[in-house]
Amino acid sequence: MRTESEASNSNILLVDDDEAILAAYASCLDGAGLASRSAADGWQALEMIGQGFRPSVVVTDLRMPNLDGIGFAEKLQKFA
């Protein structure tokens, strides 16, 4: 069981081009007391990370326009 301070410190990045799916994921995580931020595509997610956001967990869609989930994951490795 997570303590309140552990849950409030959770940093989950959700990446999906479908707004309804992002909202559903965020709602479920919020209901579990977990903090999340959302990005509409891989490029937006990389921009957030480039600006200093360091997620503990990343959940990404594989099929997205512009930069898909696999391409995003490959570029994300450069920040590790």
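Atom OG of Ser27 is separated from atom CG of Leu22 by 12.5 Å, given to the nearest 0.5 angstrom. Separation of atoms CG (Leu14) and OG (Ser36) is listed at 4.5 Å; rounding is to 0.5 Å. Leu13 contributes atom CG, which lies 10.5 Å from atom OG of Ser56 (distance to the nearest 0.5 angstrom).
Judged by distance alone, the side chain of Arg54 and the main-chain N or O of Ile49 form a donor-acceptor pair under 3.5 Å. Between the side chain of Asp18 and the main chain of Ile21, a donor-acceptor pair closer than 3.5 Å is present.
No side-chain heavy atom of Leu67 sits under 4.5 Å from any side-chain heavy atom of Asp41.
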Original post:
For Val57 and Leu34, what are the C-alpha separation, side-chain angles and deciding distance, and is it a side-chain contact (heavy atoms from CB on, under 4.5 Å)?
Top reply: CA-CA 11 Å; Val57 175; Leu34 301 171; over 6 Å; no
Please table the atom pairs, donor to acceptor, closer than 3.5 Å between any side-chain atom in residues 68-80 and protein atoms at least two apart or in another chain.
residue	atom	partner	partner atom	Å
Asp68	OD1	Ile70	N	3.3
Asp68	OD1	Gly71	N	2.7

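Nearest approach of Pro65 to Asp17, heavy atoms of both residues: CD-OD2, 3.4 Å.
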